[in-house]
Amino acid sequence: NQAMARRYESILTRKEVNINQW
Amino acid sequence: SLTYDANSKLLALEDASFDELMNLSQINKLTQNLVGESNPNFTPQPRETSTVMIKKLFETGLQQTKQHKFPEALKSISLALEMSQRKRAPWEAFAVQLQEVQFMLKNRVDLCLVQGRFVDALQDLEFLQNTGLTTSDVFIRKTDALIKLQQFELAKVECERGLSLDPSNVKLKALHMESTRRLAEYNG
Amino acid sequence: QSYDYDEKAETWPFFAMAVLVVVLLPLTLMQIYELFNSQKEEKFGEQTSTLNELNQVLVPQSIKKFRAKYKVKKSGVWSKKTLIVCLGWCLVAVIWKTIDSNEAVREAASTIFDPYLLLDISTSATEKEIRSAYRKLSIKFHPDKVAKNLSEQQRAVLEEQYVLITKAYKALTDEVTRENYLQYGHPDGPQATSHGIALPRFLVESSASPFVVVGYIALLGLILPIFVSRWWSRTQSVTKKGIHVKTASYFADRLFNFKPSQVVTSDLILDWLSNAEEYKIMYPHLGPKVFRNLLNDHLQRASNGEDLNEIKLRVVAKTHSLLFGLLDVSTNFRNTEISLAAIDTFKSIVQATPVSPESQIFQLPNVDQKRFSEGSVDDVRTLGKLFTYDEKKIGQILGISDESRLQETLKVASFIPRLKLLKAEFKVPGETVVTPESIPHIALKVLVVSPKHKAFPPSKFPQVFFEEEQDFEAQKDPFASALEQPPVPQTFAPLFPVERTGGWCALVMLQKDGKVIQTPLVVDRLSFSNLDNDFDKREIKDVEASFKPENWVVGTIKIPFSQPAPPQNGDYFFRVVLKSTEYFGSDLDFTLPMMVRD
């Protein structure tokens, strides 16, 4: 349950990283 | 020494090691959720009130989609998803929760794609893949999003994986040809 | 109670010589071997000699100084080791002389019973020869046959000689006597033996003895344990891949606790590297943050002060082994993201260029990054795309106005190798298909091409170009053909502290779960001769007419497969990634099905 929550929470961070990368 | 704050209902430990800190944070998280639980006979069954709220928001989103009010639909569904994350206690049945999230995300992905929000769609698609949803339609959408984002190498990798799991998929084959062609152009 | 001491120096010289020879002989052989081998050493291929020149010219002064300082001195003929070996043999000669001139030794030697010498025959004499020699000598020395006018003394000597000859003959022929001779060295059975200490008396009993005792204590109690413990701790502290065990366990810990919510970027890899134990040992007073910043400075090509510069270069040089160590750990944990990111980080460190969409362009020398980012009418991100323009336009795109510098850049750009896949299959030696439970390997046929070469479909190559010897030798060792290729040339990396060569890392993933299935293979043998070919995409109008397959050298890559084929028939999909550790834009990534059939 918490693993899924962490993964969901990380969506915004990942978005930022992708935008920076590309 | 272990200390307990009666007001916040939280435990603390001086000079805690990494493992102890982790343990403490787990205990504290459960405690906080327990404190917020109003039903003394709570079970792992998903709380009915939350389910109703989430469902209502989601249905609003679907309605708005039918009416082609895409930005609003996106907002509604995102809100529904937020609720499912916030209003669910850590002990609620994970399998049900995950299914709920995945179902809503699939809709959100399509809404994002339709509105050209490719990076957002990509995030949701990656979440779906990471949580075990490896059906062809996920790969199709992810490849499409990556091509639109000009990430042709990544697109090729995605649709090749999709084809490995579903070799006869026509749409994936077409996307593979397209990503190969665009990649060749990209490389002059 | 009372010991015989080696007063006459009969025994200890032999012992000393034996010890010396045991040490010197292998050392001498090793030195001779090294001397001959260093002259045969495989030189970097002369394939890209123009790039080698530029590799020297474009190296900044700070790195030149660093390389000069840390240059590994090639030990030639006159080195310390050779000197020690020569001295050793001189010592052996001195001891030999001592033994030779020692009367006591000669005396002792003379009492050794040698039947062959007594009978005056060679050691390989046959029975017939022994018998005839005995007959001749016994007649000569028989007491009755001897001359009558000899003195008592002379007679006694001759008699003794006769007895010895008879004994000698018996020792070689009679069973019992022969047994005695073989066992005790004398036909009469066990002789008188003496036991003693092979040291002169003065060392043991008189005033020098405490020194001897102290010497022994020092040797056994101090020197030996020190050497053994140093060797042991050194072996224990380094893993098989050449990184410190603490670093390896740090990487393992990171990977074990790796959460899928973590975003994998080059920054993460650099963060992990900064915590390596090797850096802590090199610079105990500096912390991981400093090392991280130094790595960043290197990627941004920022110059630091002289002291910091040296630290930075040493830190950067160490990343080579650290990254390979990390790769080993991450592939063992089957983590694809980390493995791929580690190799990309490798590239970025070698080329001193951060991982970005423009890395292929920014890795080139003389590029004005600002003008490039501001300009760019078309989206040029790859070397291949760059070469679709004429030279003048390329100069504008890259912001290089100086003609000679532009030529330098173009030279480098056209020699960065690209891998073109011609053929890929799973192969089982000696079989036409991959059968269940067989041991396949991945056989690839690739072409190393330049970014400026025009693309052509693999079908242009007739099948015969891909065929290999299928004889017994090839089946026994299918990887031999790949190893016959020349080693890759020196990498163009003027900003890397050390001159280096490197190729590609081959990773294999299972498409079903997307995870790595085996440790990486380093591909460092491929012919780069195609890079010299004149096949410019800006000039070739008709590929059909211009392309001649015989002008191109096809490369072979064989990747061993760590598991046997599945037991059931079917199609199994694998992803093969060949990632360059040296350049951006050199990678190959494709899916390969394994078709298991009866």
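Note: hydrogens, waters and symmetry copies are ignored here, and every other heavy atom, side chains too, is used. Labels below follow one simple rule: chain letters A, B, ... track the order of the sequence lines, proteins then strands, and each chain is numbered from 1.
Residue C:K280 qualifies as enclosed at atom NZ: its count of foreign heavy atoms under 6.0 Å is above 12. Within a 6.0 Å sphere centred on NZ of C:K423, heavy atoms belonging to other residues, nucleotides or ligands number more than 12. Within a 6.0 Å radius of CD in B:Q99, no more than 12 heavy atoms belonging to other residues, nucleotides or ligands are found. More than 12 non-hydrogen atoms from other residues, nucleotides or ligands lie less than 6.0 angstrom from NZ of C:K420. The 12-atom threshold is not exceeded at CD of B:E153, counting heavy atoms of other residues, nucleotides or ligands nearer than 6.0 Å. Heavy-atom neighbours of B:Q67 CD from other residues, nucleotides or ligands within 6.0 Å: above the threshold of 12. The neighbour count for C:E539 CD, taken as heavy atoms of other residues, nucleotides or ligands under 6.0 Å away, is above 12.
Only the backbone of B:E185 comes within less than 4.5 Å of a heavy atom of chain C; no side-chain atom from C-beta onward does. Contact of C:K537 with chain B is made through the side chain alone, with heavy-atom distances under 4.5 Å.
Proximity of a side-chain donor or acceptor of C:T382 to a complementary backbone N or O of B:Y186 within less than 3.5 Å is detected. Between the B:E160 side chain and the C:T591 main chain, a donor and an acceptor come within less than 3.5 Å of each other.
Note: C:F590 leads C:F590, C:Y572, C:F387 in heavy-atom pairs under 4.5 Å with chain B. By number of non-hydrogen pairs under 4.5 angstrom with chain B, the leading residue of C:P593, C:G384, C:P260 is C:G384.
In this structure, CZ on C:F574 lies 10.0 Å from OG on B:S164, to the nearest 0.5 angstrom.
Using a 4.5 Å cut-off on side-chain heavy atoms (C-beta onward), B:N187 and C:R418 make contact.
The heavy-atom pair separating C:Q511 from B:R161 by the smallest distance is O-NE, 2.6 Å.
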